Amino acid sequence: MHLAYPAVLAVLLFSVGVYGVLARRNVVLVLMSVELMLNAVNLNLVAFDVWLRDTLHAGQALTLFTITVAAAEIGLGLAIVLLVYRTRRTAAVDEVTALGDRHEADDLADAAKEQAAA
Amino acid sequence: MSALLAAAGSLEPAARSYLSPTGQEIVFLLVGVLVLGAAVVSVTTRQLVHAALWLVVALGGLAVEFLLLTAEFVAWVQVLVYLGSVVVLVLFGLMLTRAPIGRSPDADSGNRPAALAVGVASAATLVTLVVDAFRSSWIDLSGPAGTTRLTGEFLFSHWVLPFEALSVLLLAALVGAIVLSRTKDDRAKPRPGNLRTALTKSKER
């Protein structure tokens with residue numbers, strides 16, 4: 001089998017994952033896109049492992065480790081998502097902006113809101 | 001065979017006549033198209049639960065690709081871990097964050113055109129690079145490369161220490177997930193049902 005097939009498929013899958021991470025609004029969907037990117041890397045690792053005929057089989061061992069780390073990551077990520085949802089009542093990434101860089105317009109709007117409340 | 005490959009969008013100018021049958025490549029291409037289509041639908045659909053179900057198709061297709069690359073054990077681990085647990089976790093996450101069942105108009109954020117540009121640019125760059133680099137590389141698929149016996153042998157003879165470190169990492173992730181998802185306030189406790197009231201009554205007695 002030509003090495004180009006799995007390599008190109010992995011690249012395209014990775015790009016789809018990049019698009020998903022950047023375009024999605026729901027945190028769980030962002031996590032799903034991250035899984036797609038990790039799987040693209042897994043496909044690359046397996047293909048290159050079979051291509052190189054490595055005696056240590058570093059590619060396949062690393063693939064197994066990546067799958068394990070991905071499972072741990074999705075468990076912790078969903079725990080954090082649930083915590084955010086319980087405290088903020090939202091699962092949208094662009095509404096969790098407490099640590100983000102704020103625009104001046106937002107500050108002015110907040111100040112106006114506080115004045116109106118007082 | 002080569003005409004068929006060319007019709008299927010072969011990236012190779014001339015098909016190599018190796019011992020390995022090129023039928024594997026055709027199956028790889030077909031399953032690859034399925035995987036890619038499922039992935040695209042999964043990141044673009046507006047129905048959140050459907051996105052998770054298309055992710056199942058993409059990850060299952062990738063398991064088939066691993067099988068075609070003779071990495072059997074990795075393929076079954078993929079089926080067990082990804083299809084068995086990760087997708088179920090994602091579905092639970094969607095349900096617990098009250099994801100709407102039907103179409104949700106706000107599934108995509110406002111920077112969708114920028115995301116599309118970045119995705120297409122990275123795909124174009126990397127495809128050009130990869131095709132240019134590995135145009136004439138050939139994978140010899142004869143002989144076992146990833147049977148369960150072989151995987152066990154290399155995993156437990158060369159990779160024991162990372163394996164054990166990874167189990168510690170999994171334990172840490174488990175404890176961390178429990179700590180994160182534990183509620184501290186008493187209001188969130190479930191109200192006593194029939195069984196619980198019966199138990200407390202029997203304790204009082």
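The structure presented is a predicted model; accordingly, all values stated were derived computationally and were not measured. Here is how names work: the chains are called A, B, and so on, in the same order as the sequence lines, proteins then strands, and each is numbered from 1.
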Which answer fits Leu29(A), side chain, backbone, both or neither, if we ask what part of it has an atom under 4.5 Å from a heavy atom of chain B? side chain
Tell me, side chain or backbone of Val130(B) under 4.5 Å from chain A's heavy atoms, or both, or neither? side chain
Check whether any side-chain heavy atom of Arg112(B) lies under 4.5 Å from a side-chain heavy atom of Arg24(A), and answer yes or no. no
Side chain, backbone, both or neither: which part of Pro162(B) has a heavy atom under 4.5 Å from chain A? both
Under 4.5 Å to a heavy atom of chain A? For Leu129(B) that would be neither
Can you tell me which portion of Leu83(A) sits under 4.5 Å from chain B's heavy atoms? Options are side chain, backbone, both or neither. side chain
Exercise: identify the closest heavy-atom pair between Val43(B) and Tyr19(A): CG2-CD2, 3.7 Å
Could you name the residues of residues 76-83 of chain B that have a heavy atom within less than 4.5 Å of a heavy atom in chain A? Val77(B), Gln78(B), Val81(B), Tyr82(B)
Interface moiety of Ser42(B) toward chain A, non-hydrogen atoms closer than 4.5 Å: both
When you compare the side chain of Leu55(B) with that of Leu36(A), does any pair of heavy atoms fall below 4.5 Å? yes
Ser122(B) side chain to Ser15(A) backbone, donor-acceptor under 3.5 Å: no
Would you check if Phe28(B) and Leu9(A) make a side-chain contact, meaning some heavy-atom pair closer than 4.5 Å? yes
Do Leu13(A) and Val35(B) come close enough that some side-chain heavy atom pair is under 4.5 Å? yes
So do the side chains of Tyr85(A) and Leu96(B) get within less than 4.5 Å of each other, counting heavy atoms only? no
Residue list, salt bridge (charged side-chain N to carboxylate O under 4.0 Å, His left out) with Arg149(B), at least two apart or on another chain: Glu153(B)
Run the side-chain donor-acceptor check on residues 58-75 of chain B: report pairs under 3.5 Å with partners two or more places apart or on a different chain.
residue  : atom : partner  : partner atom : Å
Glu65(B) : OE2  : Gly32(B) : N            : 3.2

Where on Leu78(A) is there a heavy atom nearer than 4.5 Å to chain B: the side chain, the backbone, both, or neither? side chain
Hey, what's the ring geometry for Trp138(B) with His2(A), parallel, tilted or perpendicular (30° and 60° as the breaks)? perpendicular
Tell me, for Ala172(B) versus chain A, whether the close heavy atoms (under 4.5 Å) come from the side chain, the backbone, both or neither. neither
Against His57(A), only a single residue in Phe156(B), Trp159(B), Phe154(B) fulfils ring pair (Phe, Tyr, Trp, His ring centres under 6.0 Å); can you say which? Phe154(B)
Donor-acceptor pairs under 3.5 Å, side chain of residues 61-72 of chain A to any protein atom, not counting sequence neighbours: which ones?
residue  : atom : partner  : partner atom : Å
Thr63(A) : OG1  : Gly59(A) : O            : 2.7
Thr66(A) : OG1  : Leu62(A) : O            : 2.5
Thr68(A) : OG1  : Leu64(A) : O            : 2.7

Pair Phe134(B) and Phe48(A), ring centroids less than 6.0 Å apart: yes
Does any non-hydrogen side-chain atom of Leu82(A) lie less than 4.5 Å from one of Ser181(B)? no
Checking Arg25(A) side chain against Gly110(B) main chain: does a donor-acceptor pair fall under 3.5 Å? no
